[in-house]
Structures are given as structure tokens and as C-alpha cells.
Amino acid sequence: MDRTASDSAADGASEPVSREGGETVDAGVFVSHSPSADADSLRAFGDRMTADARGELRRATGVEWKFYEEDPNRLSDGGARRPSDFLEEATLRMVDGPYDVMVVVTDAPLVSTRKRVVPGLASPVGRVVVVSTRRLVTSPRDQPVRSLDSESVRWNAAHLLLHLLGHVLDADHDAGGGVMRPFRFDPERRSAGEFGSAAERRLRRTGPDIPDTEDVDTVRNPLGRVAFHAKSAASNAGYVVRSLVRNRAPLLSLSLPGLTTAAVAPTLVLVFSAETWDVGVHMGDATAAGFAAMSIVAATLYLTFAQNLFFPRDPHRVVTEHMALLNVVVLATVFVAVLGLFALVGLLMLGIELLVFPQDLISTWPSLEDPVVTSWDLVRTAAFVSTIGVVTGAIAGGLESRTVVRHLALFLNRP
């Protein structure tokens with residue numbers, strides 16, 4: 001692993017590293033270890049793993065790969081971690097480099113969103129790879145624990161790194177052969193392996209686009225930074241859409257019970273209120289649609305900025321294009337999640353109106369000039385109540401940013 005002084009922009013005031021030509025992928029590597037772990041052993045493990053994988057990466061992508069060692073990061077304890085727990089530190093170091101890819105090596109157990117302990121996970125949109133040594137050194141029952149410098153651990157780690165970086169380069173699992181087959185630890189493995197023909201064709205197309213050559217934002221003006229993010233979104237619209245499909249953004253609110261509860265609880269009271277029906281029935285369609293749109297956008301911005309969901313979390317004047325793309329995906333995910341919450345609460349309110357609400361009760365409310373309520377009035381009232389629920393859910397959800405990031409599904413579910 002190449003050792004370099006990669007902290008030239010760490011203080012946020014000095015100039016970022018200048019890289020010209022765009023023919024080299026610069027990858028940062030750092031160890032995130034538990035208090036009881038030997039950091040030097042993990043650093044040597046990362047050094048050997050990247051050195052073993054480098055040749056195949058160069059051959060398959062057609063571009064040079066350089067790995068730069070970063071200072072280790074000490075965890076507070078040795079408990080299980082989700083890959084998103086490393087995302088904040090990884091993205092900060094990514095813009096400090098700046099780097100195109102970040103590789104995190106940890107001895108802590110790594111847990112996927114499906115609550116399975118896995119040896120490694122990748123975030124294609126964040127270009128972050130996390131490799132855990134816990135599963136690599138764990139032996140079958142009645143057998144001694146493997147050492148980090150054993151041949152089987154060495155080559156399985158290099159094989160795993162190639163597999164995860166293949167996902168970063170947008171390659172899918174390939175059952176036909178090569179390192180993109182679903183990863184399984186093979187004690188007899190004695191080489192890093194090679195990418196199959198299908199994966200190699202994909203890597204040949206995406207590999208040269210990985211290096212950030214000139215798309216680096218150093219603008220201090222907020223409007224300039226917004227424009228930079230908009231440009232990144234426009235030039236990668238297809239990738240943003242694929243990311244939203246992959247992380248199931250409309251269903252995100254179901255993974256955040258605090259948000260959903262705060263949105264649903266007040267609506268159960270409002271739907272039986274005469275004043276709510278009075279407003280809902282007499283509100284114009286354009287007014288209802290405008291109110292809903294403004295509320296959804298406001299809730300999205302509030303959740304994103306109040307919970308500090310953008311990366312890097314610390315204020316930083318350097319933002320690379322792929323970091324801007326990560327932020328666009330985060331913002332779009334929150335927006336679609338809020339939209340999904342609006343639809344969920346709206347359908348619940350409509351169901352209550354049709355199945356629970358007494359049909360003749362509306363005729364007894366003197367606040368309504370015309371007690372006749374059409375089907376469209378029911379839909380508009382349900383949307384109005386849902387809009388209020390979305391706003392209260394965003395404000396009173398009691399969310400914590402780390403919890404939200406965990407459920408954004410920025411990492412794949414399995415290696």
C-alpha cells in the first residue's frame with residue numbers, strides 16, 4: 001500500500017490534492033478497530049489485501065489503482081456495527097483526500113440490514129467498502145481460530161475485496177463464475193481470483209469513469225453548491241432512480257416507527273373532527289394539491305437538514321462529484337419516503353372514512369353548509385388530513401440521524 005500524506009485538506013483550508021489525467025483510481029484505506037484489537041496487525045492485513053487485489057483490478061478495469069493508507073480510527077467498543085456506522089468517517093476522509101473510493105477494515109462484527117453477520121458490504125452510491133475480519137477468522141466448530149496472516153484468510157480477503165469493489169463499479173452477482181459469484185469462504189483458496197467475462201465488460205465501461213478529475217466543488221457560496229449538486233443529479237439521473245428502487249425508498253417510513261407513529265397519531269383524532277371535514281370538503285382541489293406539495297417538500301428539507309443527513313457531516317468546502325451524488329440520493333430517498341408516508345396515511349384515512357366513519361354522521365354537523373359528501377370529497381379530506389400528519393411526523397418524529405442513515409439502504413444487503 002502506498003503511504004502518502006493525504007491530509008492536505010484536513011483542516012478545510014488548504015488546497016485538495018490535485019490529480020490530473022483521470023487515469024488512476026485513488027483509494028483510501030483505514031482501519032477502524034475495537035479497543036482490544038491490534039491496529040498494526042489490521043493495518044498489515046489491509047496492506048496485504050489491497051496489494052493482492054490491485055493487479056486484477058488494473059487488468060479488469062483498464063485503469064491504474066493506487067491505495068493510500070490513512071490513520072486508524074479507534075471504536076468505542078467491540079460491539080457489532082452496521083456498515084452505515086463507518087460512513088461518516090469514510091466520507092469525511094474521502095473528501096479530505098480527495099479519494100475516489102474508500103476501503104474500511106474492521107475487526108468488529110458487521111451486520112447487514114437483514115441482521116446477518118457478514119464479512120463485508122459495499123455501497124455503490126457512496127463508493128465505500130467495509131471489510132470485517134471477524135467472519136474471515138472464524139473457524140467451524142472444534143477448529144482453532146484462523147490467524148490474520150494465514151494463507152486462507154489472505155486470499156479470501158483479497159477475493160472478497162475484489163467482489164465488493166466489483167459492486168462499487170456497478171457489477172452484479174454472477175453465478176457463471178469469477179469473483180462476482182456470491183461470496184463463500186473457501187479454506188483452499190490460494191489466489192485472489194478473476195472477474196468473469198460479463199463482469200469484466202461492465203468494469204471496462206465503468207472503471208474509467210470512477211476517477212474524479214475536475215468535478216470538485218470548492219465553492220463557499222451555498223447557491224453555487226446547490227447548482228453543483230443539481231448538475232450531478234442531472235448528469236446521473238438514471239443512477240439516482242436505480243438507487244431509489246434498490247433501497248425501496250417509498251417503504252422507508254415503515255422502518256422508522258417514531259416517524260410513522262408521530263404522523264398517524266394526530267390524524268386519528270382529526271379524521272373524526274367536524275372542523276377537519278369542514279375544511280376538507282370546502283377546500284379547492286388546487287389549494288389541497290398545493291398545500292400537500294409544499295408540506296411534503298418542507299418535511300423533506302426539515303428531516304434532511306435537521307438530522308444532518310448530508311455527507312460529510314462536518315462542514316467542508318471540498319465536495320467531489322460522487323459525494324454530491326451521494327447527497328442527491330439521500331435527499332431523493334427522504335423525499336420519496338415522505339411521499340410514501342403521505343400515501344400510507346392517506347390510504348389509512350380513506351379506509352377509515354369508508355369503513356369506520358358512520359355514513360349519516362356528516363348530516364348532523366351544522367358546520368357544513370351542504371351535508372352531501374361525494375367520493376372525491378372523501379379523497380380530498382383524506383389527503384388534507386394526511387398532509388397534516390406528514391408535517392407533524394417530520395417535526396415530532398424524534399428521529400436520530402444515525403438511525404435514519406441506517407435505513408437509507410446505501411449499502412447492499414449481502415456481499
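Quick note: numbers below take in every heavy atom, side chains included, and nothing from hydrogens, waters or symmetry partners.
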- Message: Using only atom types and a distance under 3.5 Å, with no angle test, would you say the side chain of Asn156 pairs donor to acceptor with the backbone of Asp186?
- Response: yes
- Message: Could you tell me if Arg146 sits above the aromatic ring of Phe185, with its cationic atom closer than 6.0 Å to the ring centre and no more than 45 degrees from the axis?
- Response: yes
- Can you check whether Leu331 reaches Phe310 side chain to side chain, under 4.5 Å on heavy atoms? yes
- Message: Using 0.5 Å steps for rounding, measure from the CG atom of Leu42 to the OG atom of Ser34.
- Response: 8.0 Å
- Task: Side-chain contact test, heavy atoms from C-beta onward, threshold under 4.5 Å: evaluate it for Asp377 versus Trp277 and give yes or no.
- Result: no
- Item | Any donor-acceptor N/O pair, His167 side chain to Ala171 backbone, under 3.5 Å | yes
- Donor-acceptor under 3.5 Å (Ser243 side chain, Val329 main chain): no
- Query: When rounded to the nearest 0.5 angstrom, what distance separates CG in Asp209 from CG in Leu169?
  - Reply: 10.0 Å
- Message: Using 0.5 Å steps for rounding, measure from the CD1 atom of Ile395 to the CG atom of Leu303.
- Response: 9.5 Å
- Item | Leu254 vs Leu251, side-chain contact (heavy atoms from CB on, under 4.5 Å): CA-CA, chis, key distance, verdict | CA-CA 6 Å; Leu254 299 178; Leu251 305 178; 4.1 Å; yes
- Tyr99 side-chain N/O to Tyr68 backbone N/O, donor-acceptor pair under 3.5 Å: no
- Is it possible for you to check whether Arg54 lies under 6.0 Å from the centre of the six-membered ring of Phe67, through NZ or CZ, and within 45° of that ring's axis? no
- With a 4.5 Å heavy-atom cut-off, do Phe183 and His159 have their side chains touching? yes
- Message: Does Arg248, at its CZ atom, have more than 12 non-hydrogen atoms belonging to other residues, nucleotides or ligands within less than 6.0 Å?
- Response: no
- Task: List the atom of Ile296, the atom of Phe335, and the distance in Å for their closest heavy-atom pair.
- Result: CG2-CE1, 3.7 Å
- Working for side-chain contact (heavy atoms from CB on, under 4.5 Å), residues Leu121 and Leu110: CA-CA 8 Å; Leu121 289 173; Leu110 189 63; 4.2 Å; yes
- Query: Would Arg93 and Asp96 satisfy salt bridge (Lys or Arg N to Asp or Glu O under 4.0 Å), going step by step from the backbone distance to the final call?
  - Reply: CA-CA 5 Å; Arg93 298 190 186 214; Asp96 279 343; over 6 Å; no
- Taking all atoms of both residues into account, what is the closest heavy-atom pair of Leu162 and Ala192, and its distance? CD1-O, 3.6 Å
- Asp285 side chain to Trp376 side chain, donor-acceptor N/O pair below 3.5 angstrom: yes
- Item | Lys/Arg-Asp/Glu bridge criterion (N-O < 4.0 Å) met for Glu151, Arg189 | no
- When every non-hydrogen atom of Gly126 is compared with those of Met94, the smallest separation belongs to O-CE, 3.5 Å
- Query: Is it true that a side-chain atom of Ser139 and a backbone atom of Pro144 form a donor plus acceptor pair closer than 3.5 Å?
  - Reply: yes
- Item | Which atom of Gly62 lies closest to which atom of Arg204, heavy atoms considered | CA-NH1, 3.4 Å
- Query: If you look at every heavy atom in Glu56 and Gly193, which pair is closest and at what distance?
  - Reply: CG-O, 3.7 Å
- Message: Nearest 0.5 angstrom please: Ser232 OG to Leu325 CG, how far?
- Response: 4.5 Å
- Residue pair Met102, Val129: steps toward the side-chain contact (heavy atoms from CB on, under 4.5 Å) verdict: CA-CA 6 Å; Met102 287 301 299; Val129 165; over 6 Å; no
- Query: Would you say the side-chain atoms of Thr206 and Asp170 include a donor-acceptor pair closer than 3.5 Å?
  - Reply: no
- Query: Hey, does Thr113 have a side-chain heavy atom less than 4.5 Å from the side chain of Phe411?
  - Reply: no
- Item | Separation between OG1 of Thr24 and CD1 of Ile210, rounded to the nearest 0.5 Å | 13.0 Å
- Message: Is any side-chain heavy atom of Val31 closer than 4.5 Å to one of Phe45?
- Response: no
- Taking the side chain from Thr91 and the backbone from Pro312, do they hold a donor-acceptor pair closer than 3.5 Å? no
- Query: Mind checking whether Trp65 and Asp26 have side chains closer than 4.5 Å, heavy atoms only?
  - Reply: no
- Taking all heavy atoms of Leu378 and all of Glu353, pick out the closest pair and write down the distance. O-OE1, 2.8 Å
- Query: Should Thr106 and Val130 count as side-chain neighbours, where that means a heavy-atom distance under 4.5 Å?
  - Reply: yes
- Indicate yes or no for a side-chain donor-acceptor contact from Thr50 to the backbone of Asp47 under 3.5 Å, with no hydrogens or angles considered. yes
- Query: Can any side-chain N or O of Arg190 pair as donor or acceptor with the backbone N or O of Pro187 at less than 3.5 Å?
  - Reply: yes
- Message: So does Leu270 get a backbone contact from the side chain of Thr276, meaning a donor-acceptor N/O pair under 3.5 Å?
- Response: yes
- Query: Do the non-hydrogen side-chain atoms of Val105 and Phe30 ever get within less than 4.5 Å of each other?
  - Reply: no
- Item | Inter-residue atom distance Leu148.CG - Asp38.CG, 0.5 Å rounding | 9.0 Å
- Query: After noting the C-alpha distance and the side-chain angles of Leu136 and Thr138, does the key distance pass the side-chain contact (heavy atoms from CB on, under 4.5 Å) rule?
  - Reply: CA-CA 6 Å; Leu136 295 176; Thr138 301; over 6 Å; no
- Task: For the pair Asp149 and Arg154, find out whether any cationic side-chain nitrogen is under 4.0 Å from an anionic carboxylate oxygen.
- Result: no
- Is there a donor-acceptor contact under 3.5 Å from the side chain of Arg380 to the main chain of Val281? yes
